[in-house]
Amino acid sequence: MAQLRSDFLRAVTERGYMHQCTDLEALDAHATEKRIVAYIGFDCTAPSLHVGSLVSIMLLRLLQKAGHKPIVLMGGGTTKVGDPSGKDESRKLLDAAAIEANKAGIRTVFEKFLTFGDGPTDAIMVDNADWLDRLEYIAFLRDFGRHFSVNRMLTFDSVKLRLEREQPLSFLEFNYMVLQAYDFLELARREDCVLQMGGSDQWGNIVNGVELARRVDGTGLYGLTTPLITTASGEKMGKTAKGAIWLNADMLSPYDYWQFWRNTADEDVGRFMRLFTELPLSDIAKLEKLQGAELNEAKKVLANATTSLCHGEAAAEEASETARRTFEQGGFAEGLPEIEIPTAALKEGVAIFDLLKQAGLCASNGEARRLVRGGGARLNDAPVESESHLVTLADINSDGVAKLSAGRKRHALVRAV
C-alpha cells in the first residue's frame with residue numbers, strides 16, 4: 001500500500017506494534033484528517049497489570065502523543081463473565097468487592113503513562129459495568145444477539161482451542177465476545193470512539209464489534225491488533241521463573257523491574273526498545289548493533305528508560321545505582337529486596353536453602369538445594385559449598401544484613417531484626 005500519512009500509524013508500523021488492521025488505508029485517512037478516539041479494554045482480574053499488558057499501554061500513550069484521544073475501558077462488567085481468549089480453563093469468578101479493589105490498583109498504572117482530563121486529547125477511563133450491569137438480557141439478545149452467528153463464533157480461536165482440547169467452555173464465557181462487541185458500539189455512541197485496539201488474540205472480538213456497529217447503527221469503525229510479544233527464547237512476554245512482572249511497585253519493586261529489563265536477551269534489545277521506550281529510532285538502531293560488553297550498556301539504557309516510564313526517573317536512577325554498587329563494587333547496596341529474620345533464629349542458624357526460598361530467589365526448597373549443588377548460590381559474595389549450610393549472626397555485617405545471591409544477577413538481603 002501507499003506510504004502511511006498519519007503520524008500515529010506510521011509510528012505504530014515503524015516501532016513494531018502493527019499486526020492486523022481492519023481497513024488500514026481508511027483508518028490512515030481518518031487519522032490524518034481529524035482527531036480519532038480509540039480504546040483498549042482491560043479486565044480487572046488482578047490488583048495490577050503486568051508486562052504482558054505493556055504493549056497495549058504504550059500503544060495508548062503513542063496514540064495520545066500523536067494528538068488523538070485514548071479511552072481506557074475497565075472491564076468491571078466483563079470481568080464478571082471472564083474472557084476465554086488464550087485461556088485453557090475457566091477463570092475463577094470474582095465478586096464485586098474484589099473487582100473494585102483490582103480496578104483501583106490498575107487505575108494507578110495508567111496515571112503514570114497517560115494524561116487524564118477534560119481536554120480534547122486527554123485520556124478518560126470508563127467502566128463497562130456502567131452499561132452492562134443495566135442490560136435487560138432478553139431484550140439485549142433480541143436487539144443484538146441476533147447479529148451473531150454461532151457457526152462463526154465457533155471458529156474463533158478463543159472458542160475453538162478450548163473445544164479442540166476438550167476443556168469446558170461455559171455459556172457465560174461464550175457470551176463474552178457478544179458483550180465486548182457491544183462495548184465498542186456503546187463507546188462509539190457515547191464517546192464518538194472509532195477504533196478498538198488490542199492484542200492479536202482479540203482480533204475476532206474486535207471484528208465482531210466493527211460488524212455490530214455497521215449492522216445496528218450503520219457506523220464505520222476500525223480495529224487494530226498488536227502481535228503476541230514473545231522473547232527470543234519463545235516464551236510469552238513477562239512470564240519468568242519468579243512469576244509475573246507486575247507494573248505496580250507494591251507488587252514488584254522498581255529494582256526488580258529494572259533487573260527484568262537489564263536481563264533482556266541480546267536478540268531482543270532493539271525490538272524491546274522500540275516497543276517499550278520512547279527512545280528515537282535512530283538511537284535504537286545504533287544501540288542494537290553493539291556487541292559484547294557494549295551491548296550490556298544498551299540493556300542498561302533499556303532498563304533505565306522502561307523503569308522511568310513505569311516508576312519515575314528517581315526510582316530508575318536508584319535501581320541503576322543499586323545494581324552498579326551490587327555488581328561492579330560487590331557491595332551491600334540499599335534497594336535490594338530484603339527479608340527479615342529474627343536474631344534469635346540466626347543465633348541457632350537458618351538453612352541457606354530456606355532463606356533462598358524466602359527471599360524469592362528460588363521457587364521451592366528443592367530448587368534452592370539444586371542451586372547450591374550446582375554452585376550458583378553465594379552468601380556475601382562467597383560460594384556456598386553445602387546445601388545444608390546454616391546462616392548465622394556471624395554472617396551478618398555491621399549494617400545488620402547479609403547478601404544472598406542466585407547466580408550473578410539476582411540478589412537479596414537478609415536483615416537481622
Heavy atoms only: give me the nearest [X]-[Y] pair and the separation to one decimal.
| X | Y | value |
| --- | --- | --- |
| V269 | A298 | CG1-CB, 4.3 Å |
| L309 | T277 | CD1-CA, 4.2 Å |
| F8 | A66 | CB-CB, 3.8 Å |
| N304 | S308 | O-OG, 2.8 Å |
| G105 | T108 | O-OG1, 2.7 Å |
| R5 | A29 | NH2-CA, 3.6 Å |

How would you list, by chain and number, every residue that makes a side chain to side chain donor-acceptor pair (under 3.5 Å) with [X], sequence neighbours excluded?
| X | result |
| --- | --- |
| S48 | N248 |
| W131 | D183 |
| D268 | R271 |
| E340 | none |

Looking at [Y], is its backbone amide N or carbonyl O close enough to the side chain of [X] to form a donor-acceptor pair, meaning the two atoms are under 3.5 Å apart?
| X | Y | answer |
| --- | --- | --- |
| D122 | G119 | yes |
| Y222 | L24 | no |
| R410 | L361 | yes |
| R369 | E387 | no |
| D217 | A213 | no |
| T79 | C44 | yes |
| R215 | H147 | yes |
| D127 | D130 | no |
| E191 | I71 | no |
| D43 | T45 | no |

Spatial distance of atom [atom1] ([X]) from atom [atom2] ([Y]) [nearest 0.5 Å]:
| X | Y | atom1 | atom2 | result |
| --- | --- | --- | --- | --- |
| Y255 | T307 | OH | OG1 | 11.5 Å |
| M58 | L114 | CE | CG | 10.0 Å |
| C193 | K69 | SG | NZ | 11.0 Å |
| L27 | I36 | CG | CD1 | 5.5 Å |
| R274 | L279 | CZ | CG | 11.0 Å |
| I284 | M273 | CD1 | CE | 6.5 Å |

Salt bridge [X]-[Y], side-chain N to carboxylate O under 4.0 Å:
| X | Y | result |
| --- | --- | --- |
| R370 | E367 | no |
| E211 | R152 | yes |
| D28 | R10 | no |

Derivation of the side-chain contact (heavy atoms from CB on, under 4.5 Å) call for N296 and R262: CA-CA 8 Å; N296 287 332; R262 168 61 181 82; 3.7 Å; yes

Restricting to pairs with a member in residues 223-234, which pass salt bridge (Lys or Arg N to Asp or Glu O under 4.0 Å), not counting sequence neighbours?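 As it turns out, there is no salt bridge (Lys or Arg N to Asp or Glu O under 4.0 Å) pair with a partner in residues 223-234 once direct neighbours are skipped.
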
F113 ring centre to R61 NZ or CZ under 6.0 Å, with the angle to the axis within 45°?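 R61 over F113 ring: no.
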
What I'd like to find out is whether the side chain of [X] reaches to under 4.5 Å of the side chain of [Y], using heavy atoms alone.
| X | Y | result |
| --- | --- | --- |
| W203 | T22 | yes |
| L49 | I57 | yes |
| L221 | R214 | no |
| K299 | D266 | yes |
| T226 | V12 | no |
| L404 | I352 | yes |
| Q64 | T115 | yes |
| R189 | V216 | yes |

With a sphere of 6.0 Å drawn around CD of E313, does it hold more than 12 non-hydrogen atoms of other residues, nucleotides or ligands?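 For E313, atom CD is not crowded (no more than 12 foreign heavy atoms under 6.0 Å).
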
Side chains of H411 and S405: is there a donor and an acceptor less than 3.5 Å apart?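 Yes, a side-chain donor-acceptor pair sits under 3.5 Å.
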
Regarding Q196 and Q180, do their side chains bring together a donor and an acceptor under 3.5 Å, going by distance alone?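 Yes, because at least one side-chain N or O of Q196 sits under 3.5 Å from a partner of the opposite role on Q180.
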
Please evaluate residues N205 and Q202 with respect to the criterion side-chain hydrogen bond (donor to acceptor under 3.5 Å, both in side chains), reporting the C-alpha separation (whole Å), side-chain torsions for both, the decisive distance (0.1 Å), and the verdict. CA-CA 5 Å; N205 293 339; Q202 296 298 313; 3.1 Å; yes

With a 6.0 Å cut-off on ring centres, are F110 and F116 close enough?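 F110 vs F116: aromatic centres not under 6.0 Å.
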
Pairs meeting criterion ring pair (Phe, Tyr, Trp, His ring centres under 6.0 Å) with involvement of residues 276-313, two or more places apart: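 As it turns out, the ring pair (Phe, Tyr, Trp, His ring centres under 6.0 Å) pairs with a partner in residues 276-313, which skip direct neighbours, are Y257-H311, W261-F276, F272-F276.
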
Step by step, would you call L54 with T306 a side-chain contact (heavy atoms from CB on, under 4.5 Å)? CA-CA 10 Å; L54 196 53; T306 52; 5.7 Å; no

From the options L132, L73, N175, select the one residue that forms a side-chain contact (heavy atoms from CB on, under 4.5 Å) with T78.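 The single option meeting the side-chain contact (heavy atoms from CB on, under 4.5 Å) with T78 is L132.
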
Are D133 and L135 close enough, and set up right, to give a side-chain contact (heavy atoms from CB on, under 4.5 Å), and what steps lead you there? CA-CA 6 Å; D133 284 358; L135 286 179; over 6 Å; no

Would you sort out whether I341 and V350 count as a side-chain contact (heavy atoms from CB on, under 4.5 Å), showing the intermediate values? CA-CA 9 Å; I341 303 296; V350 182; 4.1 Å; yes

Start with the C-alpha distance between K65 and D7, add both sets of side-chain angles, then the distance that settles salt bridge (Lys or Arg N to Asp or Glu O under 4.0 Å), and finish with yes or no. CA-CA 10 Å; K65 290 177 80 70; D7 292 341; over 6 Å; no

